[in-house]
Amino acid sequence: MEKDIQNIWNILLKNVEERINNPRTFDLWIKPVKLLEINDNIIKIEIPSLSFERNFFPFIGILKEEFYKISGVMPEIEIVYPIESKEEQLHSFELSLNPEYTFENFVVGPCNHLAHAASLAVAQSPGVSYNPLFLYGGVGLGKTHLMQAIGHFVKSKSNIKIVYIPSEYFVNEFIASIKNKTTHIFRNKFRSVDFLLIDDIHFIAGKEGTQEEFFHTFNFLYDKRKQIVLSSDKPPKEIKFLEKRLVSRFEWGLVVDLQVPDFETRVAIIRKKCELRNLSLSDDFVFYISEKIKDNIRLIEGILNSLVANTLLLGREINKILIDEAIEKVYNLKKDEKKYINLKKIIEVVSESFGLTPEDIKSEKRVKNIILPRQIAMYLSRELTDTSLNSIAIEFNGKDHTTVLHAYKKIRNLIEKDKNLKDIIENIKKKLIE
């Protein structure tokens, strides 16, 4: 069985290599990837590091498409990192910054002027004003760019200890410290930094233990006049299940939003990103892309990356047909992500949203704080997938299919009456297709 799986992987790699048709690119970004397992429609792989993932990410779509050609099944790609020793896990941080995300490369417009000015101010004088700095806005509007720009600036000017992490890292480290009985080392690790930047802080909402720990870490750093920068998709008051004392502290400094860029700013952004990629686009094409993509800069990056790949690897000429293909490809990838939601992912996201584990959701426990999330997970499994009631029941540790049907009907009825529950479920759906 293992031999058959490895053969499939070898065939897949060969097809990918032929498709990329660039030995150096293949050796750099595909060869280091290790196959761990193929289970149903999930391919579990190991990549060398978090920083590697950013360069590997553009090839995920190619891997999925080539696997589909071989098997007829569109897979999910699950990524893990090498297992470190306990010592390394406890004492190492990786400041993984995208080299493009600097202040010099950030295009300032009416939509982000205040956020840029505040970010530059805390980079130049950390802990003096705007502490904490809280950036919020929709996907692809520049929050991560500004946070990493702060990291680049501070790193280049001083030797202070600066840490940039997604909030999932903080959550996972805290859970590991409890498991390993090393919470004292965990606390020392995060409270010894001079500059803490945490992306997507809303991820800790609903996780009572993590919020408690972050509350004390926040207080410690703030009292020591260490700079804290946080980002979220919403302002503090609108983050559901976030403790009031944290909402209060997040508002102590400056809360600033990033809005959708206007046409002129989008044009400037495209020109800057073309410059960074050595990509030549006529004004007509720049304006055309600006009109098509209005609310997400990451989609623009995806289109430009596709154009670069087609010109360098396939020798194609840039014209309206190629640009339309790139735009359609970006939107189709987002549709594919929605189409291939599976039960495992639904259970994981629902668990995270309510501060539970997948084991809690699938257990026989009949306590109130687990029953509702379990029913929501069953509802979404029925709503967002084509999986049969029996198969859903099996996924939930062999529960009867009538239990799933009851949960589906109950949540469907509650949504019509309870706006708060409807908002919670809509938020979970967004996470599933992001």
Side-chain angles (χ1 to χ4, degrees), residues 54-55 57-58 61 96-123 133-153 156 164 166 197 199-200 229 231-234 256-312 318-334 434:
R54 289 189 174 85
N55 293 297
F57 183 78
S96 181
L97 302 175
N98 186 325
E100 284 189 15
Y101 288 175
T102 63
F103 284 121
E104 291 75 17
N105 294 335
F106 189 85
V107 176
V108 182
C111 57
N112 57 34
H113 176 75
L114 179 57
H116 173 267
S119 298
L120 187 58
V122 300
L133 174 62
F134 192 102
L135 305 172
Y136 75 92
V139 175
L141 297 184
K143 303 186 300 295
T144 297
H145 188 143
L146 283 177
M147 293 188 77
Q148 295 200 24
I150 294 170
H152 280 297
F153 186 95
S156 68
Y164 165 77
L197 303 106
D199 228 339
D200 295 329
V229 182
S231 80
S232 175
D233 57 351
K234 296 180 178 68
V256 59
D257 69 326
L258 289 90
Q259 301 171 356
V260 175
D262 57 23
F263 176 80
E264 291 78 12
T265 305
R266 294 198 303 274
V267 167
I269 289 170
I270 293 172
R271 285 175 173 161
K272 169 60 73 173
K273 292 188 179 298
C274 284
E275 178 188 326
L276 294 171
R277 289 163 174 76
N278 293 319
L279 179 66
S280 178
L281 281 185
S282 68
D283 286 345
D284 287 344
F285 289 153
V286 170
F287 296 157
Y288 182 70
I289 295 173
S290 298
E291 286 288 358
K292 288 285 187 179
I293 311 295
K294 298 180 179 180
D295 59 354
N296 192 324
I297 304 307
R298 289 183 194 170
L299 295 186
I300 291 176
E301 289 182 340
I303 290 165
L304 298 182
N305 289 339
S306 178
L307 294 178
V308 170
N310 274 277
T311 55
L312 290 181
I318 295 179
N319 51 35
K320 187 173 178 296
I321 293 174
L322 183 59
I323 292 174
D324 282 338
E325 283 181 14
I327 292 172
E328 185 179 359
K329 181 181 178 183
V330 166
Y331 279 113
N332 281 341
L333 282 174
K334 291 187 77 63
E434 279 181 354

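Atom CD1 of Ile318 and atom CG of Leu281 lie 5.0 Å apart (nearest 0.5 Å). Leu307 contributes atom CG, which lies 5.5 Å from atom CG of Leu322 (distance to the nearest 0.5 angstrom). A distance of 11.0 Å separates OG1 in Thr265 from CD in Gln259, rounded to the nearest 0.5 Å. Taken to the nearest 0.5 Å, the CD1 atom of Ile293 stands 12.0 Å off from the CD atom of Glu301. Here the straight-line distance linking atom CZ of Arg298 with atom CD1 of Ile300 works out to 12.5 Å at 0.5 Å rounding. One distance of note links OG of Ser232 with NZ of Lys143; it measures 7.5 Å at 0.5 Å rounding.
Leu258 approaches Gly142 most closely through the heavy-atom pair CD2-C, 3.8 Å. Considering all non-hydrogen atoms of both residues, Cys274 and Leu304 come closest at SG-CD2, 4.0 Å.
The closest donor-acceptor contact from the side chain of Asn112 to the backbone of Gly109 lies under 3.5 Å. Without hydrogens or angle criteria, Ser306 side chain to Gly302 main chain gives no donor-acceptor distance under 3.5 Å. Without hydrogens or angle criteria, Ser231 side chain to Tyr136 main chain gives no donor-acceptor distance under 3.5 Å. Under the 3.5 Å distance criterion, the side-chain polar atoms of His116 are left unmatched by any main-chain donor or acceptor of Leu146.
Using a 4.5 Å heavy-atom threshold, the side chains of Ser119 and Phe103 count as touching. Taking 4.5 Å as the limit, every side-chain heavy atom of Phe134 sits out of range of all side-chain heavy atoms of Val256. A heavy-atom distance below 4.5 Å is found between the side chains of Leu141 and Pro261. Side-chain contact between Gln148 and Leu197 is absent, with no heavy atoms from C-beta onward closer than 4.5 Å. Within the 4.5 Å cutoff, side-chain heavy atoms of Asp324 are placed close to those of Tyr288. By the 4.5 Å heavy-atom criterion applied to side chains, Asp199 and Met147 are counted as neighbours. Side-chain contact between Thr144 and Asp200 is absent, with no heavy-atom pair separated by less than 4.5 Å.
Shown here are the side-chain hydrogen bond (donor to acceptor under 3.5 Å, both in side chains) partners of Asn319, two or more places apart in sequence or in another chain: there are none.
Note on ring orientation: taking the six-membered ring where Trp is involved, the planes of Phe287 and Phe263 are tilted (angle from 30° to 60°).
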Show your reasoning for whether side-chain contact (heavy atoms from CB on, under 4.5 Å) applies to Ile297 and Lys273. CA-CA 10 Å; Ile297 304 307; Lys273 292 188 179 298; 3.6 Å; yes

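A salt bridge links Glu100 and Arg277; the closest N-O separation between the charged side-chain nitrogens and carboxylate oxygens is under 4.0 Å. Between Arg271 and Asp283 there is a salt bridge, since at least one side-chain N of the basic residue sits less than 4.0 Å from a carboxylate O of the acidic one.
Between His152 and Tyr101, the ring center distance fails the sub-6.0 Å criterion.
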